[in-house]
Asks: 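Just dropping this structure here.
A note on names: the letters A, B, ... follow the listed sequences, proteins ahead of strands, and every chain is numbered from 1.
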2 protein chains.
Amino acid sequence: MTTETVPLDRRHRRRLETIEEVLDHAVAIMTTDGVAGLSLGEIARRMGIRTPSLYVYFPSKHALYDALFARGAREIGQVVSDESAKLLADLDKRPQRSIEEVLLDAAAVFVRWAVEHPAYTQLLYWRPVPGFQPSAESFAPAIAMVEASKQRFEELQRRGLIRAGASIEEVQRDWVVLMTGVVTRQLANEPQAGFDKGRFTSALSALIDMFAHHYGAQPSTRTRGSRHARQR
Amino acid sequence: MTTETVPLDRRHRRRLETIEEVLDHAVAIMTTDGVAGLSLGEIARRMGIRTPSLYVYFPSKHALYDALFARGAREIGQVVSDESAKLLADLDKRPQRSIEEVLLDAAAVFVRWAVEHPAYTQLLYWRPVPGFQPSAESFAPAIAMVEASKQRFEELQRRGLIRAGASIEEVQRDWVVLMTGVVTRQLANEPQAGFDKGRFTSALSALIDMFAHHYGAQPSTRTRGSRHARQR
DNA sequence: GTCTATATGACGATAGAC
DNA sequence: GTCTATCGTCATATAGAC
């Protein structure tokens, strides 16, 4: 009995490790060849096994995509959640921070992760795989992230940084359009540029100013368009 | 001699017609199955020919994607160009129009076409096909469209609707992020909703207000956030 | 010139031996 | 749990019928 449970646990752990290894190779392939460029044969080749052996761990290629979707949603959710906690804690210590500063920090964390993890980003925010729809379980962390984001905006509204009359639903919707818009254009037009040098990631500051002006509570201390005025 | 040129012309015309037919079927398939779901076998099946026969007209699947990219870029370019001409002519007749109204018209034309032609939109604004890069010739109309858009913003700036100090390069960049951001979210999250009922296409008005407030010349006549205030 | 017949190699997927 | 063998489909290439 005792001799049975131990190897079972070990086998189980080993199985989970193998699954993680499959996912790691899949991400590496998708990063270079795009989400649609993933092939089970290439994963197996890199692991030194035959393609059919992968079916022990995943019943289909779509199931593999589903696991990758879940993994990506969990990871970006964690990154954003950590930043969000820091943001609110920091706001307690330095309440004089402008809404522009606060939102730019939050935006940069999301956009940086997205452009630096193009495989997950394509899977989460485009529709690159014909017929693939994430399962409810895999989609759950993505929903949780949106809910957390809305709660963060509500908190900012309570603290007087977001205009009192603003609909949080609309704030969240427009925020998502801006953030994923920047990420999509950067990855599709300049995939090699990276966060710091990208033409579209560099637009974040101007877009956040725009957003803050519209949904922020107090008029910005910065003159509208001061960034451009400098260039004249 | 005379008897030779006539059938050559006819044959040439017939060839072009066949090419158009191939492209039409390709668009239909991509519309239902996504860009990556296109298969030459399915095109041939629908045309009642064998797959290798397609290679008479296109040397490879990538060449077919290239022709589709060019077609899509020309079509949306034409749609936007027509609207742009109408917009400026209308502005001569009714110079009292606000920048919000003018831009919302322009935005609606682009976004409506994009969500109603998801096959072209995916090809033009995402990266759904591993290894596919449009040729310089196919890309040309897309560049022309961006140039025309910049010239339109310059004209609006000359007419005093866009703030004098604004960099047209930045105006165009942020405009593209907003428009393709809305389109991408609508097509990826709610592909079946259509322009009029979509959750993200419905955000256009608010996003244009935001944009106009930032880059427009005179303060808006509408109270900031009046749309939301109404909902209270 | 246009299309078919045929073949190649890669793919996702399944069945069954060990 | 991994293998081999196999299936059907895919994009692609070539040779040849008409």
Asks: Under 3.5 Å, is there a donor-acceptor pair linking the side chains of B/Arg15 and B/Tyr57?
Replies: no

Asks: Could you state the CG-P distance from A/Asp33 to C/dC11, rounded to the nearest angstrom?
Replies: 11 Å

Asks: Report which part of the nucleic acid A/Leu38 touches: base, sugar-phosphate, or nothing (heavy-atom distance under 4.0 Å, all strands).
Replies: sugar-phosphate

Asks: Does D/dC3 have its OP1 or OP2 closer than 4.0 Å to a side-chain nitrogen or oxygen of A/Tyr55?
Replies: no

Asks: Taking only the side-chain heavy atoms of A/Leu40 (C-beta and beyond), determine which of D/dT12, C/dC3, C/dG12 contains the nearest atom.
Replies: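 Nearest nucleotide to the side chain: C/dG12.
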
Asks: Tell me: CZ of B/Arg13 to P of C/dG1, nearest whole Å?
Replies: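 Atom CZ in B/Arg13 sits about 16 Å away from atom P in C/dG1.
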
Asks: From the list C/dT14, D/dC10, C/dA5, which nucleotide is the closest neighbour of the side chain of B/Arg45?
Replies: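 Nearest listed nucleotide: D/dC10.
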
Asks: To the side chain of B/Arg50, which of D/dA11, C/dA5, C/dT2 is closest?
Replies: C/dA5

Asks: Is the shortest distance from a Lys or Arg side-chain nitrogen in A/Arg14 or A/Glu21 to a carboxylate oxygen in the other one below 4.0 Å?
Replies: no

Asks: In whole Å, I'd like the distance from the CZ atom of B/Arg15 to the C1' atom of C/dT2.
Replies: 10 Å

Asks: Scan A/Thr51 against the nucleic acid and name what it touches under 4.0 Å (heavy atoms): base, sugar-phosphate only, or nothing.
Replies: nothing

Asks: Return yes if a side-chain donor-acceptor contact under 3.5 Å exists between B/Tyr125 and A/Asn189, otherwise no.
Replies: no

Asks: Using the side-chain heavy atoms of A/Pro52, tell me which of these nucleotides is nearest: C/dT2, C/dT14, D/dA13.
Replies: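 So the nucleotide nearest the side chain must be C/dT14.
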
Asks: What's the CG-P distance between A/Leu64 and C/dG12, to the nearest Å?
Replies: 10 Å

Asks: Check the distance between D/dC3's P and A/Met47's CE and give it to me in whole angstrom.
Replies: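 The answer, rounded to whole Å, is 10 Å.
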
Asks: Is the count of non-hydrogen atoms from other residues, nucleotides or ligands lying under 6.0 Å from A/Gln192 atom CD greater than 12?
Replies: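 No, not enclosed.
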
Asks: Rounded to the nearest angstrom, tell me the gap between atom CG in A/Leu54 and atom P in D/dT2.
Replies: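 Result: 9 Å.
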
Asks: Using whole Å, report how far NZ of A/Lys61 lies from P of C/dT14.
Replies: 14 Å

Asks: Tell me whether the OP1 or OP2 atom of C/dT2 has a side-chain N or O from B/Ser53 closer than 4.0 Å.
Replies: no

Asks: So do A/Thr201 and A/Val183 actually touch side chain to side chain, heavy atoms under 4.5 Å?
Replies: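 No, their side chains stay 4.5 Å or more apart.
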
Asks: Could you state the CZ-P distance from B/Arg14 to C/dT2, rounded to the nearest angstrom?
Replies: 10 Å

Asks: Would you mind classifying the nucleic acid contact of A/Phe58 as base, sugar-phosphate or nothing, using non-hydrogen atoms under 4.0 angstrom?
Replies: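 Result for A/Phe58 = nothing.
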
